[in-house]
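Everything on this sheet refers to the single structure shown next.
Just so it is clear, the model here is predicted, and its values are computed rather than measured. Both counts, for ligands and for their atoms, begin at 1 and track the order of listing. Positions are given from 1 along the sequence.
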Amino acid sequence: MSVASASLDIQKIREQFPILNQEVNGKPLIYLDNAASSQTAKRVIDSLIQFYEKDHANIHRGIHTLAERSTKAFEETRERVHEFINSAEADEIIFTKGTTESINLVAQAWGSKYLKEGDEILISQLEHHSNIVPWQLAAERTGAIIKVIPINQKGEILLEEYKKLLSERTKLVAVNYVSNSLGTINPVKEIVSAALDVGATTLIDAAQAAPHIKIDVQELNCDFLALSSHKMYGPTGVGVLYGRREILEDMPPYQGGGEMIKDVSFNGTTYNDIPYKFEAGTPNIGEVIAFKYAMDFIDEMGHENIQAYEHELLEYANKKLRSIKGFTPIGTSDEKASVISFLIENVHQYDLGQLLDVRGIAVRTGHHCTQPLMDFLEIDGTVRASFAVYNTKGEIDVFCDALESIVKKFS
Ligand code: PLP
């Protein structure tokens with residue numbers, strides 16, 4: 001047994017995911033679509049039940065016991081995120097409904113104040129649509145220009161080319177930490193540091209990094225960072241936007257409504273302090289509260305152990321898959337999270353996805369919300385298997401055997 005598998009008790013971990021213990025299409029479920037959404041840990045589900053059965057009330061407004069209870073638990077999650085990503089203060093943590101909303105918040109609120117005609121926004125060829133389209137909308141509104149950081153055929157950002165694109169016109173650099181389609185781990189610290197040299201603001205889309213890699217926003221030195229709870233064993237409908245205090249304070253609000261105000265009259269409104277200025281309306285209270293338990297779960301295992309174990313799964317799968325006839329890996333960076341994208345000669349990716357599903361194996365097919373990346377690679381899409389900490393080598397064996405048998409049928 002390797003060091004990585006020895007440090008985590010995978011069977012015990014699996015017991016915390018009741019959903020895994022079922023048959024799909026008459027076969028034991030093998031869930032390999034974790035980059036889309038990981039499954040929800042039992043303690044997170046328990047917290048949701050506790051909230052809706054015992055504690056449910058709106059937050060920040062009521063003085064009754066349930067309102068105080070839910071407000072306290074909600075704010076505890078903010079403290080927990082602050083600790084989890086090592087922000088300087090808890091007030092720099094804004095709750096959103098996901099990474100998409102976090103990026104849209106920045107593109108609208110920050111973009112409307114700081115972007116003007118001719119300014120340049122740098123994003124990479126690897127981005128998810130949610131780190132492309134909000135900038136296209138901002139560019140349409142302001143006259144700013146989007147420039148694309150190129151990558152190589154392995155799916156790696158070309159750092160020297162990136163540095164050549166930087167200039168005093170660069171107002172924002174927004175890149176993902178880990179590519180959802182290929183699993184590439186990008187050198188974000190170096191990307192941020194070069195952006196700072198030209199005075200650009202930086203945003204990191206950490207949706208795919210947060211479940212695998214320890215995030216320290218102060219060490220990364222980024223201005224904004226976005227993540228989603230549902231990719232971290234937590235509930236859907238909860239995201240985080242981290243923003244540096246000075247920038248958040250200087251930004252206009254994103255949406256207007258309750259909670260984000262101090263005072264409203266028909267003559268005008270005084271906005272609330274951060275983070276509340278950016279949290280208009282009733283949030284997903286129970287889900288935010290439950291998210292705390294997902295972070296506890298990750299921290300108890302330790303990012304280092306998670307990463308080592310998932311890397312072991314990745315290597316194991318890579319080795320087995322390479323022996324399958326017609327197998328072509330898509331995205332072969334040396335630095336990768338536990339994502340394998342691939343194609344198999346003469347079998348369409350959708351057919352593969354469906355035939356795997358018949359065998360109880362859940363993978364993702366298609367463009368994975370990265371159409372510009374697929375265009376660059378000159379493909380329509382891939383089959384993507386993405387591993388979480390509860391996956392096992394035994395599951396990878398079944399997955400590879402299933403692929404072999406499908407490929408035999410097609411040849
Ligand atoms: N960015 C990346 C890299 C992603 O993988 C995803 C989701 O797949 C998103 C952003 C969007 O996240 P959400 O759908 O939770 O808003």
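The aromatic ring centres of His212 and Phe387 sit 6.0 Å or more apart. The ring of Tyr242 has its center no closer than 6.0 angstrom to the ring center of Phe84.
For ligand 1, the 4.0 Å heavy-atom shell takes in Gly98, Thr99, Thr100, His128, Ser130, Asn180, Asp205, Ala207, Gln208, Ser228, His230, Lys231, ordered by chain and residue number.
Within a 6.0 Å sphere centred on NZ of Lys97, other residues, nucleotides and ligands contribute 12 heavy atoms or fewer. Heavy atoms from other residues, nucleotides or ligands lying under 6.0 Å from CG of Asp296 number more than 12.
Ring planes of Tyr233 and Tyr390: perpendicular class, angle over 60° (limits at 30 and 60°). Ring orientation note: the planes of Phe95 and Phe74 are nearly perpendicular, at an angle over 60° on the 30°/60° scale.
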